[in-house]
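Since the structure comes first, as structure tokens, the remarks are kept for the end.
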Amino acid sequence: MSEGINNSEYRKQTIKEILMDLHSGKSLEEAREKFSRTFEGVASSEIAIAEAALIADGVPVEDVQRLCDVHAALFKDSLPAPDGQENPERPGHPVHTLKLENRAIEKLIDERVRPAADALAKDGGGAAREALKDALADLADIKYHYQRKENLIFPFMEQHDITAPPKVMWGVDDEIRAALADAAGMLSGEGADGQKVAGAVQEAVDKISEMIFKEENIMVPMIMEAFSQDEWIHIAGDSAEIGYCLIEAPPAFSQAGAPSPKPGASAAGNIVFPTGALRPDELIGVLNALPLDITFVDRNDTVKYFSQGAERIFPRTTTVIGRQVTNCHPPASVHIVEGIVNDFKSGKKTHEDFWLNVRGKTAYIRYFAVKGENGEYLGTLEVTQDIAPIQALTGEKRLVDQL
């Protein structure tokens, strides 16, 4: 093997060329031949570097996303184990939890989803249809697995300058969620073709299986190498806010002897406002008592604060603090977020409203431009509230209910 093959820059360029060959239409067989000719193994971190280089060179994230399944298959047999590292087996560690969930997902797919889909394709019977409905309803919990990855792991990856893989993986996560929803929708329709439904289900679970491979063989070695113990503790501590997929809540994970962090800690004394003053604990209590969620993004497009009310519609974890707002949304909706913020900065708009149905709630999502005393742009405030109870109000209520 030549000296150049051991050079990381050379290896990175070769991976980039292989991905570009695939992007231009060359076959997987041609790519495999070039790959095996050049070197036998490649570190997962270099795949991330290659993806980032593609995006930096102008290849759209969506195109790299479409390459994701192809290049995962390309590298699947060649990925070396991380240098001397083994994935932690300690219960409660976020990687241990991720793998537990992946085994539960695989078990559900192998024992219930695939058999029910196969039975439906053969005879279209009612029993197979109902079994598949139940299995897909349970598999829908995969959303918690992906939400924890997107809202807890991705922010720390970005802080370590691992930026391309989160964008690509989030896009594929969205494809999986959409594929599962489409399959469930087809299944619930009258006179649905059993073979078509089974084909849609097969496509969805194949994508899930590929994502499991990418998480454990590409993402995990990357983050095991990069993340600190404090970051793992942070991720584990915020995980319950989102929930878990097909497993019981894992045991608490912390560094032995380390004190638990105390959210909301601040300097003693009152915070003085033009219309009064509040102690820090009073201010926190007031903001959390509001019947809505608020999130503030500063003038540099960085998430700076969110409230912690009891009736939250969308999950928020403390790892979002300090994150660029565009990285907090799926790639498909980033342009909408950027448009709103740009309109606020330019003064074209001062607010924007949306409303949608979310798990039986009517989410009223409002964005407001926050301005300083001289009219300068300070940031954007997001306000989210379930307005279904308000929409249901009729008549008047003038007296307090008597117990």
Side-chain angles (χ1 to χ4, degrees), residues 61 150-151 154-156 158-159 161 163 166-167 170 241 263-356 358 361-391:
V61 173
E150 292 155 1
N151 292 289
F154 286 179
F156 284 120
E158 292 156 10
Q159 289 179 29
D161 294 324
T163 56
K167 288 182 171 67
W170 198 337
E241 167 69 22
S266 60
N270 286 337
I271 300 172
V272 179
F273 302 97
T275 54
L278 294 171
R279 296 195 316 266
D281 62 324
E282 292 174 332
L283 178 58
I284 293 169
V286 167
L287 293 171
N288 290 342
L290 294 174
L292 41 82
D293 296 334
I294 62 174
T295 302
F296 178 66
V297 178
D298 70 13
R299 71 182 77 200
N300 298 314
D301 304 334
T302 300
V303 180
K304 198 167 185 179
Y305 168 82
F306 65 89
S307 62
Q308 295 178 296
E311 298 182 7
R312 182 169 296 149
I313 297 177
F314 302 110
R316 288 283 188 275
T317 60
T318 53
T319 50
V320 78
I321 303 301
R323 195 178 187 192
Q324 285 288 294
V325 67
T326 52
N327 289 334
C328 300
H329 296 79
S333 61
V334 166
H335 69 285
I336 298 174
V337 176
E338 290 176 334
I340 292 171
V341 172
N342 289 338
D343 284 347
F344 287 176
K345 288 180 177 179
S346 69
K348 182 179 178 181
K349 291 183 179 180
T350 58
H351 75 279
E352 188 70 75
D353 298 346
F354 302 90
W355 49 95
L356 59 152
V358 181
K361 298 181 178 181
T362 303
Y364 187 31
I365 307 167
R366 311 191 72 190
Y367 296 92
F368 299 92
V370 178
K371 302 293 183 71
E373 290 183 359
N374 299 318
E376 72 277 17
Y377 174 79
L378 298 181
T380 295
L381 181 69
E382 179 192 76
V383 180
T384 305
Q385 183 177 12
D386 175 18
I387 60 169
I390 298 173
Q391 291 176 312

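Here the structure is a predicted model, which means the values were calculated and not measured.
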Here the gap from I271 atom CD1 to I284 atom CD1, rounded to the nearest 0.5 Å, amounts to 8.0 Å

Approximate separation, where rounding is to 0.5 Å, of Y367 OH and I336 CD1:
9.0 Å

Would you say the side chain of W170 lies within less than 4.5 Å of the side chain of V334, judging by non-hydrogen atoms?
no

For residues 289-307, pull every pair meeting salt bridge (charged side-chain N to carboxylate O under 4.0 Å, His left out), keeping only residues two or more places apart or in separate chains.
D301-K345

Please round to the nearest 0.5 Å and tell me the distance separating atom CG of N327 and atom CG of N151.
11.5 Å

Among all residues two or more places apart in sequence or in another chain, which pass the side-chain contact (heavy atoms from CB on, under 4.5 Å) test with H335?
none

Where do F273 and L283 land on the side chain to side chain contact (heavy atoms under 4.5 Å, CB included) test, with the steps shown first?
CA-CA 11 Å; F273 302 97; L283 178 58; 4.1 Å; yes

Going from CD1 on I365 to CZ on F314, what distance comes out if it is rounded to the nearest 0.5 angstrom?
4.0 Å

Residue pairs meeting salt bridge (charged side-chain N to carboxylate O under 4.0 Å, His left out), one or both in residues 374-385, sequence neighbours left out, come to R316-E382

Taking everything shown except E373 itself, do over 12 heavy atoms lie less than 6.0 Å from its CD?
no

Side chains of V341 and V297: does their closest heavy-atom pair fall under 4.5 Å?
no

Rounded to the nearest 0.5 Å, the CZ atom of R323 sits from the CD atom of E158 at a distance of 4.0 Å

Just jot down the side-chain hydrogen bond (donor to acceptor under 3.5 Å, both in side chains) partners of Q159, sequence neighbours excluded, or say none.
none

Would you say the side-chain atoms of T384 pair up with the backbone N or O of A363, donor to acceptor, closer than 3.5 Å?
no

F296 to L378 - nearest heavy-atom pair and separation
CZ-O, 3.6 Å

For S333 and H329, the nearest pair of non-hydrogen atoms, with its separation, is OG-CB, 3.7 Å

Which is it for T318 and F306 under the side chain to side chain contact (heavy atoms under 4.5 Å, CB included) test, yes or no, and what are the steps along the way?
CA-CA 9 Å; T318 53; F306 65 89; 4.3 Å; yes

Might you work through the side chain to side chain contact (heavy atoms under 4.5 Å, CB included) test for I294 and Y305, ending with a clear yes or no?
CA-CA 8 Å; I294 62 174; Y305 168 82; 4.0 Å; yes

side-chain hydrogen bond (donor to acceptor under 3.5 Å, both in side chains) partners for T380, two or more places apart:
Y377

Restricting to non-hydrogen atoms, name the atom on H351 and the atom on F368 that form the minimum distance, rounded to 0.1 Å.
CB-CD2, 3.8 Å

Which atoms form the tightest heavy-atom contact between V320 and C328, and what is the distance?
CG2-SG, 3.5 Å

Partners passing salt bridge (charged side-chain N to carboxylate O under 4.0 Å, His left out) against E338 (at least two apart in sequence or in another chain):
none

Between the side chain of Q385 and the main-chain N/O of I313, is any donor-acceptor distance below 3.5 Å?
no

Output the distance between atom CG (L292) and atom CG (D386), rounded to the nearest 0.5 Å.
11.0 Å

